[in-house]
Protein chains: 2
Amino acid sequence: MENQNISDIIEAYLKQILAESQEVEIRRSEIANQFNVVPSQINYVIKTRFTIQDGYVVRSKRGGGGYIRIEKVKLLDNLDFIDSLVAAVGDHITRHDGLAVVRSLFEAGTINRREANIMLAAIDKTALNTGDRDLDEQIRAQILISILDHLRYES
Amino acid sequence: MENQNISDIIEAYLKQILAESQEVEIRRSEIANQFNVVPSQINYVIKTRFTIQDGYVVRSKRGGGGYIRIEKVKLLDNLDFIDSLVAAVGDHITRHDGLAVVRSLFEAGTINRREANIMLAAIDKTALNTGDRDLDEQIRAQILISILDHLRYES
DNA sequence: ATAATATTAGTCAACATTAGTCAAAAGAAC
DNA sequence: GTTCTTTTGACTAATGTTGACTAATATTAT
């Protein structure tokens with residue numbers, strides 16, 4: 001414990017605030033200054049220690065009055081299931097296999113029919129049609145994973 | 001909260017009036033004066049926060065007795081509403097404006113919070129990140145229109 | 001009526017102020 | 001000493017602020 005690196009210390013600082021208040025809002029440069037590190041180290045801390053798998057959702061805004069907001073969310077009981085689907089999606093997925101992923105979610109009761117239809121609309125050939133099949137499959141994978149990550153918690 | 005930018009404050013001021021009275025009419029220079037900004041900042045606030053995607057219609061007149069009028073759009077029925085959103089999306093749309101479209105659907109009651117979050121996940125920067133901004137905006141538009149078309153006959 | 005002037009709002013580009021990305025360098029763990 | 005993690009900083013991107021210039025409309029003078 002006496003040999004903590006600075007990232008661990010910043011992590012602990014933020015989590016201490018989160019233990020009491022559900023959400024922290026910081027100005028990146030202020031925290032960087034406070035701990036005497038470069039601003040981008042705050043991004044590193046967030047990227048490695050405040051992921052959705054850890055139960056945190058991060059939003060930010062640039063420009064005047066910009067901020068980084070970290071929110072503690074309640075993770076659902078479906079983590080292994082979501083993890084397995086994320087793994088199945090990988091970094092490329094065909095329409096056919098994408099449909100199977102959505103169907104799995106529906107059959108598991110994770111999403112209802114309306115939600116399934118929205119997902120399908122987002123990944124069907126109307127939506128994804130760049131002319132480059134490989135690119136379409138890549139984007140389809142990213143869309144699915146982005147949605148799957150949102151299904152990990154209540155919002 | 002402690003360090004809001006002035007544009008957010010002006011936005012909140014206008015929306016507070018709109019919450020009670022359906023329509024605001026301002027004199028640009030008066031508001032600029034009241035908040036101690038240059039007049040063109042009022043245009044910036046309107047352009048970034050009171051778009052048709054957000055559900056607002058803005059009319060103005062120059063010259064003596066000039067004004068800017070902001071009206072919260074009355075949603076006729078779902079179909080016209082979706083048509084207007086499809087038109088607003090066009091063939092390119094930024095994340096900012098895409099978010100406004102989803103928010104409008106939510107506020108209109110066309111979709112619920114869960115559905116809104118799925119839509120947002122499908123068009124956010126995690127999902128669309130090809131490295132080519134123009135392409136991202138094109139795909140974002142296609143995804144939104146694909147979903148909007150589904151909502152048309154589902155609801 | 002027409003022209004000149006005054007009074008509004010609109011546009012656009014420069015500048016300012018934030019956060020994000022990425023890869024190289026440094027350090028720690030094994 | 002090889003690999004993984006952390007630290008750093010140069011560059012990028014998003015958003016907000018400002019002011020000079022333009023455009024539209026109304027009012028006043030002729």
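Below, chains carry the letters A, B, ... as their sequence lines are ordered, and counting in each starts from 1. Given the structure is predicted, the values throughout are model-derived calculations rather than measurements.
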Could you give the CG-to-P distance, from Asn33(A) to dA19(C), as a whole number of Å? 12 Å
Figure out the CZ/C1' separation between Arg28(B) and dT7(C), and round it to whole Å. 11 Å
Identify, between Gly64(B) and Arg95(B), the residue whose nearest nucleotide on DNA chain D lies closer to the 5' end. Arg95(B)
Same cluster or not: are Ile118(B) and Tyr153(A) linked, directly or through other Ile, Leu, Val, Met, Phe, Trp or Tyr residues, by side-chain heavy atoms under 4.5 angstrom apart? no
Value in whole Å for how far the P atom of dA23(D) lies from CD1 of Ile68(B): 18 Å
For residues Lys47(B) and Thr51(B), determine if any side-chain heavy atom of one lies less than 4.5 Å from a side-chain heavy atom of the other. no
In terms of hydrophobic clustering (I, L, V, M, F, W, Y; side-chain heavy atoms under 4.5 Å; direct or indirect links), are Val57(B) and Ile42(B) co-clustered? no
Have a look at Arg69(B) and say if it touches a base, only the backbone sugar-phosphate, or nothing, with a 4.0 Å heavy-atom cut-off. nothing
When you compare the side chain of Ile123(A) with that of Met119(A), does any pair of heavy atoms fall below 4.5 Å? no
Rounding to an integer number of Å, can you tell me how far Asn43(A) CG sits from dT21(C) C1'? 8 Å
By nearest nucleotide on DNA chain C, pick out whichever of Gly65(A) and Ile26(B) is the more 5' one. Ile26(B)
Do the side-chain N or O atoms of Arg27(A) get closer than 4.0 angstrom to the phosphate oxygens (OP1, OP2) of dT17(C)? no
Face-on cation placement of Arg69(B) at Tyr67(B) ring, 6.0 Å and 45° thresholds: yes
Can you tell me if Asn5(B) uses its side chain to pair, donor with acceptor, with the backbone of Gly64(A) under 3.5 Å? yes
Under 6.0 Å from the CZ atom of Arg59(B), do we count more than 12 heavy atoms belonging to anything else shown? yes
Interatomic distance where CD1 belongs to Ile6(B) and C1' belongs to dT17(C) [whole Å]: 15 Å
Measure the shortest side-chain to side-chain distance between Phe106(B) and Glu115(B) over non-hydrogen atoms and say whether it is less than 4.5 angstrom. no
Whole Å only: how far is the CG atom of Asp8(A) from the P atom of dT5(D)? 12 Å
Please examine the side chains of Arg152(A) and Val86(A), heavy atoms only from C-beta on, and report whether any two atoms are closer than 4.5 Å. yes
Does a side-chain N or O from Ser7(B) land closer than 4.0 Å to OP1 or OP2 of dT17(D), or not? yes
Quick test: give all pairs of protein nitrogen or oxygen and nucleotides 9-11 of chain D nitrogen or oxygen below 3.5 Å, distance rounded to 0.1 Å.
residue	atom	partner	partner atom	Å
dG9(D)	N7	Ser40(A)	OG	3.2
dG9(D)	O6	Ser40(A)	OG	2.6

Would you indicate which nucleotide in dT17(D), dA13(D), dT7(D) comes nearest to any side-chain atom of Tyr44(A)? dT7(D)
Please give, in whole Å, the distance from dA19(C) C1' to Glu30(A) CD? 14 Å
Separation of atom CG in Asn5(A) from atom P in dG27(C), rounded to whole Å: 13 Å
Taking only heavy atoms on the protein side, list every residue of residues 47-63 of chain B lying under 4.0 Å from any atom of DNA chain C, sorted numerically. Ser60(B), Lys61(B), Arg62(B), Gly63(B)
